[in-house]
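We name chains A, B, ... by the order of the sequence lines, and we start the count at 1 in each one.
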2 protein chains.
Amino acid sequence: MPQTAYLPHIAYDSVVFGFSEGDLKILIMEYHNTGLFALPGGFVRLQENLNDAVLRGLNERTGLTNIYLEQFYTFGDFSRFDPEVMRTLLEANGILPADGYEWMLDRFISVAYYALINYEDVRPRPDALSDSCEWYPVNELPELILDHQHIVEKAIQTLRDNLDRKLVGGNLLPKKFTMNELQNVYEAILGTKLRRTTFQRKMLAAEVLTRHEKHFSGKAHMAPYLYSFK
Amino acid sequence: MPQTAYLPHIAYDSVVFGFSEGDLKILIMEYHNTGLFALPGGFVRLQENLNDAVLRGLNERTGLTNIYLEQFYTFGDFSRFDPEVMRTLLEANGILPADGYEWMLDRFISVAYYALINYEDVRPRPDALSDSCEWYPVNELPELILDHQHIVEKAIQTLRDNLDRKLVGGNLLPKKFTMNELQNVYEAILGTKLRRTTFQRKMLAAEVLTRHEKHFSGKAHMAPYLYSFK
DNA sequence: TTACTATTGTCACAAACTGAGACAATAAGA
DNA sequence: TCTTATTGTCTCAGTTTGTGACAATAGTAA
């Protein structure tokens, strides 16, 4: 990452949501030899679109290409500025700031995005600076650097606000899913239980679902239909 | 604006909404000797919070201090980069880029905000680079530089989406207003007519208004109550 | 003083929507 | 064949919303 390759002072952070075992989860990086946890983020190349930079970073970490991505806020408080954190990350990777990395110790304004992906499609991959990239339930996050906890909270709040308006919950599931699975996603996002009949009626009335064949799970009860988003 | 005073590559643009004569209007700058029209914007000082920079810029142009302000999107496409526009603006003001203004010809990522203000509270003031700062109805804007037309459209869309959820329409009116005036604001923002009785019932049920004395306009009919937001 | 007009606050009724439960129809195991 | 758990659908009541009606003004005109 030499100085000339990226726009200085500008970063992005991404809150990558997945759904598994009944929990809403997000991808968190743990940096090599530091015990520091952070959202996966990155920088923008000099001639690159901001949105493309985020998609590139997500692709590098998840291998996915068609990602549901939404920009939700830009964090620009001066109090975000804490060069010691970045210095620690660089040193843990054997990098001296003087070797062309001084710009990473500057103040950054960060554009935050959230992504919704199908948990099963991802094998998280660490990037060059990181030790591990793992899923954590949103209610059991480790302590995060800088204002990243705040970014996560705002991401969840925005996702909740957009849930009914944009009907995006399906992006957290495989192509085909049952009505019960979809309801579980909604409940995990909203943090509340929903009524089965009311939920089903609302989803069907919205006319965004296509009904497919039944799914036989081997359980001793009526088999549910599979659905997909139109 | 010497190089050292501001963060490079980062700008903000503000869409300042006002309401007058039945129209939703926004503040547009016309730059001196160029015929170029643009949203009022600015830069962030090295140790300044992003949000504070925007409030500072709005204060310089409107004299207002308590401004309803909302960040809505950050525009970061590389296609925004057009140094000729900025070069024209500088030259029209007799400034040579070589005099420490080269950074203004670089690529910028712009964080966009919208503000809602009471039209009557404002006497728009031009800033150092500008010739005039005037209100334009949103449906009769001049051609704007770069992607500013796109920014305006996204601002209006966001305002519409937030209107019911945040009940912010009152920020475009004086402290006290009639129900009919509030309805006119909503209609101007949404671009549609609303039913008088339904609108009044919804507003009263929301329990966000305080009812004050009646307002006698001199017209030959029942006088309406004045309201203010709680 | 007495009509007359335009607008306002409120009510009434129907239509649409939502919460909550009931129930028959399975799918598999006992 | 009986039992159990879950699903798709229906019903009914309560709430909200669309729509019009109507009396109560505040001025103007006769």
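The CG atom of B/L182 sits 15 Å away from the C1' atom of C/dT8 (whole-angstrom rounding). The nearest whole Å value for the distance from the NZ atom in A/K219 to the C1' atom in D/dT4 is 13 Å. Distance CD (A/Q183) to C1' (D/dT6): 12 Å, rounded to an integer number of Å. Here the C1' atom of nucleotide D/dG8 and the NE2 atom of A/H221 are 13 Å apart, to the nearest Å. The nearest whole Å value for the distance from the CE atom in A/M203 to the P atom in C/dT18 is 12 Å. Atom P of nucleotide C/dG9 and atom CG of B/L226 are separated by 10 Å, given to the nearest angstrom. Look at CG on A/N180: it is 5 Å from P on D/dT7, rounded to the nearest Å. Rounded to an integer number of Å, the gap from CE of A/M179 to C1' of D/dG8 is 10 Å.
In this structure, B/R195 reaches the D/dT19 phosphate: one of its side-chain N or O atoms is under 4.0 Å from OP1 or OP2. For C/dG9, the OP1/OP2 oxygens have a side-chain nitrogen or oxygen of B/Q200 closer than 4.0 Å.
Ring centers of A/Y186 and A/F19: at least 6.0 Å apart, outside the cut-off. The six-membered or imidazole ring of A/Y73 lies away from that of A/Y114, with a centre-to-centre distance of 6.0 Å or more.
The only member of A/F81, A/F43, A/Y12 that meets ring-ring contact (aromatic ring centres under 6.0 Å, His included) when paired with A/F108 is A/F43.
For B/E134 and B/Y136, the side-chain atoms include no donor-acceptor pair closer than 3.5 Å. Residues A/R165 and A/N162 have side chains that bring a donor and an acceptor to within less than 3.5 angstrom of each other. Counted by atom type alone, B/Q157 and B/E153 present zero donor-acceptor pairs between their side chains at under 3.5 Å.
No engagement by A/T178 is indicated, since no non-hydrogen atom pair under 4.0 Å with the nucleic acid exists. At the heavy-atom level, B/T197 lies under 4.0 Å from base atoms of the strands shown.
Evaluation of atom-type donor-acceptor distances gives a pair under 3.5 Å for the side chain of B/R196 against the base of C/dG9.
Applying the side-chain hydrogen bond (donor to acceptor under 3.5 Å, both in side chains) test to residues at least two apart or on different chains, the pairs with a partner in residues 213-230 of chain B are B/K176-B/E213, B/R211-B/Y227, B/H212-B/S228.
Where B/Y227 and A/A223 meet DNA chain C, the nucleotide closest to each residue was compared, and B/Y227 sits on the side nearer the 5' end.
With hydrogens and angles disregarded, no donor-acceptor distance shorter than 3.5 Å links the side chain of B/N171 to the backbone of B/I117.
Between the CG atom of A/D147 and the NZ atom of A/K154 there is a distance of 11.5 Å, given to the nearest 0.5 Å.
Interface residues of residues 205-216 of chain A facing DNA chain D, ordered by number: A/R211; criterion, heavy-atom separation under 4.0 Å.
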Restricting to nitrogen or oxygen on both sides, can you table the protein-nucleotides 12-17 of chain C pairs closer than 3.5 Å?
none

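Ion pair B/D13/B/R80 flagged as a salt bridge, since at least one NZ, NE, NH1 or NH2 atom sits closer than 4.0 Å to an Asp/Glu carboxylate oxygen.
Ranking C/dT18, C/dG9, D/dG8 by closeness to the A/T198 side chain, first place goes to C/dT18.
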